[in-house]
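Presented below is the structure to which this report refers.
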Amino acid sequence: MQITIGPFWDTYSFLDNALEYAGMGTGYIELDRSPFLPFLTSILFRMGFVSEMAISIVEGLIFIFGTIGLYLLLKLRFNPVESLAGSTIYISFPVILVWLGIGYLDIAAVALSIWAVYLTILAVKKNPKYFYLAFPMAMMAFLTRFTAGFLLFPIILYILIGGNYLRNLKEMIMGVILSILIIIPYLAFMYQKAGDPFIIFSSLLSIQSESQSGLIAFSADPLYYLKTMDLFISIPGSLHNWIYYLFILVLVLGVIIYLYKLFKNHQLDWKSPLIRFKIFLMVFFVIIFLFTFGKVGNMASIGMVVLFCYLAHDLWRGRVNLDLDIFIFSWFLTQFVVHAQFGLKVDRYFVTMLPALAYFLILGIHEISGKIRFNFRRYNLTSYILPLLLIMVALSSTATYLTYIGHSLEDEERHMALLSEKDETPFIANATDLVGNIYIVGSLNQATQWLQQNDPDYRTRKIRSNIWPGAVWYLRMYMDPQPTVNTTNLTVHELQKYNIDYYISSETLNIDAYPNLKNFEQVNIYKKDPSKIENKTRMLYIGKNWQNYIDQVLGLKAYVIYEKGQNILGKSTEIDSHSLEELQQYPYLLLYNFKWRDQEKAEELLTKYVESGGTLVIDVSGNMEGTFYSLDNSEFLHTLITRKSLPVNPKVEPESVKLSPFQDDGQPWYGADYQSAGDNKIEPLVTANGRTLIGVQKIGKGRIIWIGYNFVWHAFHTDNKDEMRLIQEIIGI
């Protein structure tokens, strides 16, 4: 069914990367994507099976492998029927059914994580030689989806509470060595492509200071996944609430019975000072967790989870299977914390929590069965009847979902009705997304085939597409990404900026410079009319984030060139990847959230550019956070830079300038504050509470325009046209 529906956006990106890994690349590769699933797909490519079906097959096989692993994991704790019920519930969750076979990373990473957890348990409980498999499996999960690497913390916790880590040190070291051997080819590949094998890790550790609140899937609510959990675990329709409340009832009753038995059968010696101290520490860790959750980084919250779980096991040590329950609990909480604190919230991220959720559902059934016993000979029939009922619920909901999607694909009227539906939860993939995708895939395939047949020299043309990963896959040629914009004027501006010959788009446009050449239902091909191309001032932008909105802030009065490169390292973000001659081709140079190879050389290059007559527009607000390239409490271009906040409504000079309030989603507004370190002072042009919001510094024949407090983003974020005009006037366009 999924192969019929066709690839989605990220699937094409992974297919493009798989071509590169197979030695069939177009030059287009997204280096910030996790490599393992595309690498496995590339093996099929090398065997001659170069098809988008390949990644669906690979992901499907990994999913089956993971589900078998989940059954074996559950069997360590429950009887075979309960374990089967847990595995069946897992594969029936709607969020699994929606994303299975699409060729995304989430389900595959979870499958490998399940095996890493299972093998770790075997290594601690049965034979330490299982570490030879457990650690490499965890590494493969990490390379399948980088956030799976946080599984390391529950694994360390379980090894510590197992108590035999010193005796098993040799096997653990060997497991670590084997896992390092797995990542070495990837590091070598990154060194070849980016010149730095660890660039992706530094990129992950470098916090994006840019607000993500403008993105459709943004949610600042750290409890988002709890509040919308019903959408992920219960199919839509008349049975939705019944199934969801059944699951919640099982979980709640199971927890109550579990805790009751824990406190009843393993009573604590409250008179012991050591016991009271440990309980005090547990309460303290919970308070710190609540304080840090959603406010500080992931590591603080995860650290509190690990410490709390370790103490809980220590207090109730000796209870059968407590170590296993705590291991799975910490696994769930770790993934919950990671994704709850990430700004973007989409349904498939919840997949990472589903194995643990299935485990605790079956734990609930197990505990309830123990209280509602119906014995026959020496068997408690309840422990078989209740899991069988859960299996029936899982199978019926799966059948309902698949039948609905299948009919929607076959029924044209229902297909079109779905396409016209308004989805009130845009972060949740649903039938509309699935059945609508089949038209996009078919139209894009037809459009690219037509272009290949009607322009034999298409590879020499400059081609863009708003579905560029798919266009790269079908045309087998390099293509720069097309920024996502919401107006026709912005689209035309972008195409004219780079003198694009063909634009393949799912949008319907009516523009003189790019008349419609050919229509294919959901996709159109537009061709450049050279006589209608406008001539504008050209600026060069080095960094990341501004390229998404700087043109709008500048009122489309200039062409801001962004040399995308690999989008991690290189000319798109690094100052000193350019020569002075390259910079001098542009009268304006823009810097925001930038990088460098050698900071001193980068500053020298910028100084020479300005002295020769160039105008440098810089806001260091994008370099205020992160492990790398941070300039907070630092000096850059003989200017002292610190991260500071502004009050919501500061006093602005001159008074004629009207600014929007300085806050972001109700939180304080932060940015870069400047103080000249040398004799050449920054002349403030606009101040807020006496601090430089925009200032100018003349050097040689040119000038530096210092923009503070993330003011360009502020103008765009608040859609304040007066702020935009102010920036345009000061820059001089």
Pairwise side-chain contact, I288 with L307, heavy-atom cut-off 4.5 Å (strictly under): no
Anything under 3.5 Å between a donor and an acceptor, one on a side chain of residues 69-77, the other on a protein residue two or more places apart or in another chain? List them.
from, atom 1, to, atom 2, distance (Å)
R77, NE, D325, OD1, 3.0
R77, NH2, D325, OD2, 3.0

Atom CG in D16, atom OH in Y12: separation rounded to 0.5 Å? 10.0 Å
Are the side chains of F350 and M229 in touch, meaning some heavy atoms are under 4.5 Å apart? yes
Return yes if a side-chain donor-acceptor contact under 3.5 Å exists between S13 and E30, otherwise no. yes
Can you find a side-chain donor-acceptor pair between Y349 and Y225 that sits under 3.5 Å? no
Look at the rings of F146 and Y186 and say which category their plane angle falls in: under 30° parallel, 30 to 60° tilted, over 60° perpendicular. tilted
By salt bridge (charged side-chain N to carboxylate O under 4.0 Å, His left out) - contacts of R46 (at least two apart): none
For F293 and F336: C-alpha separation, side-chain torsions, deciding distance, then whether ring pair (Phe, Tyr, Trp, His ring centres under 6.0 Å) applies. CA-CA 11 Å; F293 180 63; F336 177 77; 5.8 Å; yes
Pairing residues for E52 by the salt bridge (charged side-chain N to carboxylate O under 4.0 Å, His left out) criterion, not counting sequence neighbours: none
Using distance only, find each side-chain donor-acceptor pair of residues 104-116 under 3.5 Å and give its atom names and separation, not counting sequence neighbours.
from, atom 1, to, atom 2, distance (Å)
Y104, OH, D10, N, 3.1
D106, OD1, R348, NH1, 2.9
D106, OD2, R145, NE, 3.0
S113, OG, A109, O, 2.8
W115, NE1, F65, O, 2.7

Would you be so kind as to tabulate the donor-acceptor pairs closer than 3.5 Å made by side chains of residues 170-182, with sequence neighbours excluded?
from, atom 1, to, atom 2, distance (Å)
S179, OG, G175, O, 3.4
S179, OG, V176, O, 2.6

With a 4.5 Å limit on heavy-atom distance, are the side chains of N164 and I159 in contact? no
Inspect the surroundings of CE in M392 and state if more than 12 heavy atoms from other residues, nucleotides or ligands are less than 6.0 Å away. no
V338 versus I302: any side-chain heavy-atom pair under 4.5 Å? yes
The test is ring pair (Phe, Tyr, Trp, His ring centres under 6.0 Å); show your working for W473 and W468 and say whether it passes. CA-CA 8 Å; W473 167 256; W468 68 87; over 10 Å; no
With heavy-atom distances below 4.5 Å as the criterion, would you say the side chains of E59 and I62 are in contact? no
Parallel, tilted or perpendicular for Y224 and F232, by the 30°/60° rule? tilted
Measuring from L157:CG to H313:NE2, what's the distance to the nearest 0.5 Å? 9.0 Å
Using salt bridge (charged side-chain N to carboxylate O under 4.0 Å, His left out) as the criterion, list what pairs up with D230, not counting sequence neighbours. none
Does a sphere of radius 6.0 Å around OH in Y130 hold more than 12 heavy atoms from other residues, nucleotides or ligands, not counting ones at 6.0 Å or beyond? no
